[in-house]
Amino acid sequence: EVQIVESGGGLVQAGGSLRLSCAVSGITFADYAIGWFRQVPGKEREGVSCISGSGGSIYYEDSAKGRFSISRDNAKNTVYLHLNSLKPEDTAVYYCAADLRPGWVGVSCYAFNYDNWGKGTQVTVSS
């Protein structure tokens, strides 16, 4: 059974930083891309940043470029998302999920390609 657990969210002032963690079990972790997504009430879940199984391919959504950084530690079955220079508009529930398509070695950040969503972690940025 695949299990995904996010952690690291919280309340931070604008300009601050957080590090989100995504711990994954139940799969051969290094074989699969992992993605971070976020959602606010009334809006669709959007891809923030995604990383291939090897870590060699990375995608950032435009608003995340230059501020967020994704990395993975395949020895710890964990993906990290470093959030820097946070803005109030980054406030959302952040979710982690795995792209379990067999044989897929690239990276995409479309939510419909991802399965086994975690419960999310709330990030709130105050102005």
Side-chain angles (χ1 to χ4, degrees):
E1 179 185 1
V2 181
Q3 291 190 329
I4 294 179
V5 180
E6 305 96 334
S7 62
L11 173 63
V12 63
Q13 290 187 333
S17 298
L18 287 171
R19 187 185 79 164
L20 307 184
S21 298
C22 171
V24 182
S25 61
I27 60 173
T28 305
F29 184 70
D31 286 351
Y32 299 104
I34 302 294
W36 279 101
F37 300 79
R38 65 187 179 187
Q39 190 169 24
V40 298
K43 292 191 175 181
E44 291 189 357
R45 194 168 296 185
E46 65 171 354
V48 177
S49 183
C50 300
I51 186 168
S52 64
S54 68
S57 296
I58 289 174
Y59 167 89
Y60 292 105
E61 186 268 335
D62 284 347
S63 70
K65 291 177 181 176
R67 299 191 301 127
F68 297 174
S69 176
I70 193 170
S71 62
R72 65 190 295 156
D73 184 338
N74 285 348
K76 295 183 178 180
N77 285 16
T78 301
V79 171
Y80 304 99
L81 185 66
H82 297 259
L83 310 176
N84 301 308
S85 302
L86 282 162
K87 304 175 182 180
E89 52 263 43
D90 294 317
T91 295
V93 178
Y94 284 70
Y95 298 91
C96 182
D99 182 345
L100 300 180
R101 288 177 290 169
W104 174 252
V105 297
V107 63
S108 80
C109 228
Y110 295 108
F112 58 77
N113 284 328
Y114 285 77
D115 298 296
N116 299 102
W117 296 85
K119 294 183 178 180
T121 185
Q122 176 72 47
V123 172
T124 303
V125 184
S126 63
S127 57

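Only heavy atoms go into these numbers, but all of them, side chains included; no hydrogens, no water, no symmetry mates.
The two residues Ala14 and Pro88 make their nearest non-hydrogen contact at CB-CD, 4.2 Å. Smallest separation of non-hydrogen atoms from Ala30 and Asn74: CB-ND2, 3.4 Å. When all heavy atoms of Thr121 and Gly9 are compared, the pair lying nearest together is OG1-N, 3.0 Å. Closest approach of Thr78 and Ala23 over heavy atoms only: OG1-CA, 4.2 Å.
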Determine, step by step, whether Arg101 and Asn113 satisfy the side chain to side chain contact (heavy atoms under 4.5 Å, CB included) criterion, reporting the C-alpha distance in whole Å, the side-chain angles of both residues, the deciding distance to 0.1 Å, and the verdict.
CA-CA 8 Å; Arg101 288 177 290 169; Asn113 284 328; 3.5 Å; yes
Could you go through Leu86 and Leu18, starting from their C-alpha distance and side-chain angles, then the distance that decides it, and tell me whether this counts as side chain to side chain contact (heavy atoms under 4.5 Å, CB included)?
CA-CA 8 Å; Leu86 282 162; Leu18 287 171; 4.2 Å; yes
Run the side chain to side chain contact (heavy atoms under 4.5 Å, CB included) check on Ile51 and Ser57 step by step: do they pass?
CA-CA 6 Å; Ile51 186 168; Ser57 296; over 6 Å; no
Pair Ser49-Phe68, side chain to side chain contact (heavy atoms under 4.5 Å, CB included): steps then yes or no:
CA-CA 8 Å; Ser49 183; Phe68 297 174; 5.7 Å; no
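Taking the side chain as every heavy atom from C-beta outward, Gln122 and Thr91 approach each other to under 4.5 Å. Proximity of Lys87 to Val125: side-chain heavy atoms (C-beta onward) are nowhere separated by under 4.5 Å. Taking the side chain as every heavy atom from C-beta outward, Tyr95 and Gln39 approach each other to under 4.5 Å. Taking the side chain as every heavy atom from C-beta outward, Gln3 and Asn116 never approach each other to under 4.5 Å. Ser69 is not listed as a side-chain neighbour of Leu81, based on a closest heavy-atom distance of 4.5 Å or more. Within the 4.5 Å cutoff, the side chain of Cys22 has no heavy atoms near those of the Val5 side chain. By the 4.5 Å heavy-atom criterion applied to side chains, Trp36 and Leu20 are counted as neighbours. At least one side-chain heavy atom of Tyr60 sits under 4.5 Å from a side-chain heavy atom of Ile70.
Note on Phe29: it does not cluster hydrophobically with Tyr80, by side-chain heavy-atom contacts below 4.5 Å among ILVMFWY residues. Hydrophobic cluster membership is shared by Ile4 and Val123, with clusters built from Ile, Leu, Val, Met, Phe, Trp and Tyr side chains linked at under 4.5 angstrom. The same ILVMFWY cluster, assembled from side-chain heavy atoms under 4.5 Å apart, contains both Val2 and Tyr32. Residue Val48 is grouped with residue Val24 when hydrophobic side chains (ILVMFWY) are merged at heavy-atom distances under 4.5 angstrom, including chains of intermediate members. In this structure, Leu100 is a member of the same hydrophobic cluster as Ile34, with clusters built from ILVMFWY side-chain heavy atoms closer than 4.5 Å.
For Phe37, the ring-ring contact (aromatic ring centres under 6.0 Å, His included) partners at least two apart in sequence or on another chain are Tyr114, Trp117.
Put simply, OG on Ser7 and CZ on Arg19 are 8.0 Å apart, with the number rounded to the nearest 0.5 Å. Considering OG of Ser52 and CG of Asp31, their distance stands at 11.5 Å, rounded to 0.5 Å. Rounded to the nearest 0.5 angstrom, Ser21 OG and His82 NE2 are separated by 8.0 Å. Between the OG atom of Ser126 and the CD atom of Gln13 there is a distance of 5.0 Å, given to the nearest 0.5 Å. Between atom OG of residue Ser63 and atom CG of residue Asp90 there is a gap of 6.5 Å, rounded to the nearest 0.5 Å.
Residues Lys65 and Asp62 are paired through a salt bridge, judged by an N-O separation under 4.0 Å between the basic side chain and the carboxylate. The residues Glu46 and Arg38 are annotated as salt-bridged, a charged nitrogen and a carboxylate oxygen being separated by less than 4.0 angstrom.
In summary, the side chains of Asn84 and Ser17 do present a donor paired with an acceptor at a separation below 3.5 Å, with no hydrogens or angles considered.
Residue Phe112 shares its hydrophobic cluster (ILVMFWY side chains chained together at separations under 4.5 Å) with Tyr110.
Between the side chain of Glu6 and the backbone N or O of Cys96 there is at least one donor-acceptor pair closer than 3.5 Å.
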